[in-house]
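Each chain gets a letter, A, B and so on, in the order its sequence line appears, and its residues count up from 1.
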There are 2 protein chains.
Amino acid sequence: MKTLQPAAGVVARHLATLPAFRGLNASDRERIAAEAFLRMYTRGEALFHVGDPATALLGLVRGSARVLRTRPDGQEKVVHLLTAPVLVAEVPTLTGEALPATAVCGEDCMVVAIPRTVLVDAVRKDPEFALRILAVVFDRLQQLTRALARHGQRNAAARVGAWILARDAPSGVLPAAKKDVADYLGLQPETFSRALAVLRTEGGVEVEGDAFRILDRSALERFLNTHESS
Amino acid sequence: MKTLQPAAGVVARHLATLPAFRGLNASDRERIAAEAFLRMYTRGEALFHVGDPATALLGLVRGSARVLRTRPDGQEKVVHLLTAPVLVAEVPTLTGEALPATAVCGEDCMVVAIPRTVLVDAVRKDPEFALRILAVVFDRLQQLTRALARHGQRNAAARVGAWILARDAPSGVLPAAKKDVADYLGLQPETFSRALAVLRTEGGVEVEGDAFRILDRSALERFLNTHESS
DNA sequence: CGGCACATTGAGGTATGTCAATCTTAGTGG
DNA sequence: CCACTAAGATTGACATACCTCAATGTGCCG
């Protein structure tokens with residue numbers, strides 16, 4: 001990890017890319033940016049570990065990361081896949097709780113770190129800002145309940161297909177190594193691999209390395225509909 | 001659904017049982033209570049439906065309910081099991097989003113409904129209150145990520161055992177019909193039933209009807225440890 | 001260029017889903 | 001208050017999708 005001292009305004013520009021900060025007026029943003037830090041992380045480095053005090057809200061402005069939860073038996077499960085721009089650890093930072101999970105960079109990342117005190121002040125001064133943060137959290141809750149509803153549901157191929165469709169982009173790059181995406185979807189790497197093979201032949205999806213492309217969206221939707229139930 | 005006109009102070013007393021409102025000082029609580037409603041629902045009745053506008057925060061003060069998410073194919077999945085006292089729909093109420101799920105009473109319920117405007121005012125006037133709400137939301141996020149991490153993990157019996165252990169009570173009553181608990185845990189009713197049978201013989205757990213009791217906590221923990229992996 | 005982690009493909013076992021029949025419980029109405 | 005009815009719970013038999021183990025292929029980073 002390396003902390004940068006960027007020119008004034010640079011941090012503010014990065015802030016502006018983040019949800020919840022986009023809606024802020026420019027002067028408030030600059031005020032916050034003045035007290036924030038810019039940090040660089042390298043692939044594989046941890047943004048934070050379970051149990052760490054939440055000293056700052058992190059805005060992931062470049063790169064991607066995975067959030068891991070450690071189970072009693074020591075195994076780790078991917079519970080989130082993060083792609084910039086996105087907020088991380090906003091809730092524990094506000095409530096003062098310890099961080100409940102570990103986050104690891106999937107590639108080199110740039111992060112805007114906003115110290116807890118600065119964030120809490122911002123919420124106190126501007127309740128609307130608190131509501132914007134809540135909107136972000138709401139989104140996260142939605143995603144989680146969706147993921148939960150999806151889990152154990154459908155066969156592996158349909159689950160993967162639904163996830164690709166939910167990415168809402170005709171083409172793109174997997175936000176993590178396949179084994180981590182597999183873990184996130186609750187599958188073994190082998191099953192994930194086979195599921196992709198099925199989607200290639202029947203689902204109108206092209207996958208090469210970590211790049212994917214939806215060749216035939218309607219074919220994919222049809223495939224999902226014909227594999228609705230478990 | 002039936003709306004009551006209780007004596008002054010009654011609503012305030014119910015409010016005081018709810019997380020996030022407990023910490024409020026008495027006068028603020030009374031002010032909010034004066035503008036809140038008390039509602040009674042009967043078993044099987046819906047507290048709200050997906051897509052409804054979130055007009056009020058609901059404080060479930062008596063009874064229990066299940067929160068359902070409808071999948072594209074029309075099937076429903078239990079994503080939360082609620083037991084009083086607990087807040088429902090606080091986030092969409094604050095952010096003004098539509099309700100993302102449906103909630104159905106598992107038994108007769110009593111609910112304190114706090115109109116959106118009253119809640120938003122309270123948050124605006126008292127940032128500390130906003131943070132307390134965030135703490136509640138944080139808890140929910142935690143539960144969801146835990147549930148997600150648990151899902152697809154371990155065999156059925158271990159998953160059920162872990163859930164019972166997480167209830168954190170030596171004995172109690174299932175918060176919903178077995179089929180709904182099963183659904184919540186991502187299992188078929190039959191599998192759930194068999195899992196309970198295993199826990200009875202090997203896990204030191206007694207189950208009769210909807211009542212359960214942990215006869216031998218260490219036996220249960222040992223059982224879970226020996227069935228760690230999937 | 002070499003080593004290692006990841007990805008893919010194959011084969012086989014098993015836990016869980018599915019279908020079906022019986023038993024129990026709770027809610028309804030006489 | 002009791003009998004009736006329907007929904008839920010349980011148990012068994014069977015099918016299958018996924019996990020596991022293993023071997024090979026591929027790409028990336030040092």
With a 4.0 Å cut-off on heavy atoms, is A:Ala156 in touch with a base, just the backbone sugar-phosphate, or nothing at all? sugar-phosphate
Whether the side chain of B:Gln188 and the base of C:dC19 hold a donor-acceptor pair under 3.5 Å is what I'd like checked. no
Using whole Å, report how far CG of A:Asn155 lies from C1' of C:dT18. 15 Å
Rounded to whole Å, the CZ-C1' distance (A:Arg200 to C:dT9) equals 12 Å
The side chain of B:Glu190 lies closest to which of these nucleotides: D:dC21, D:dC29, D:dT11? D:dT11
Where do A:Leu15 and A:Phe21 come nearest, in terms of heavy atoms and distance? O-CB, 3.3 Å
Would a 4.5 Å heavy-atom cut-off, applied to side chains only, mark A:Val181 and A:Trp163 as touching? yes
Is there a residue in residues 169-185 of chain B whose heavy atoms reach under 4.0 Å of DNA chain D, and which residues are they? B:Ala177, B:Lys178, B:Lys179
Could you check how far CG of B:Asp210 sits from P of D:dA9, rounded to whole Å? 10 Å
What side chain to side chain donor-acceptor pair (under 3.5 Å) pairs are there with at least one residue in residues 79-90 of chain B, not counting sequence neighbours? B:Glu90-B:Arg140
Check the distance between D:dT10's C1' and B:Leu187's CG and give it to me in whole angstrom. 16 Å
Going by distance alone, is a donor N or O of one side chain under 3.5 Å from an acceptor N or O of the other, for B:Thr42 and B:Glu45? yes
Quickly work out the B:Gln75 CD to C:dG17 P distance and round it to whole Å. 12 Å
What donor-acceptor contacts under 3.5 angstrom involve side-chain atoms of residues 46-66 of chain A, with partners at least two apart or in another chain?
unit_1	atom_1	unit_2	atom_2	d
A:Asp52	OD2	A:His49	N	2.9
A:Ser64	OG	A:Glu107	OE2	2.8
A:Arg66	NE	A:Asp180	OD2	3.4

Donor on one side chain, acceptor on other, A:Arg69 and B:Gln142, under 3.5 Å: yes
Measure CD/A:Glu208 against C1'/D:dG27 and give the value in whole Å, please. 12 Å
Any salt bridge linking A:Arg194 with A:Glu190? Criterion: basic side-chain nitrogen under 4.0 Å from a carboxylate oxygen. no
Side chain of B:Arg194, base of C:dG17: donor and acceptor closer than 3.5 Å? no
For the pair made of CZ in B:Arg43 and C1' in C:dG27, what is the distance, rounded to whole Å? 8 Å
D:dC19 phosphate, OP1 or OP2: any side-chain N/O from A:Thr191 under 4.0 angstrom? yes
In whole angstroms, how far is the P atom of C:dT9 from the CZ atom of A:Phe192? 13 Å
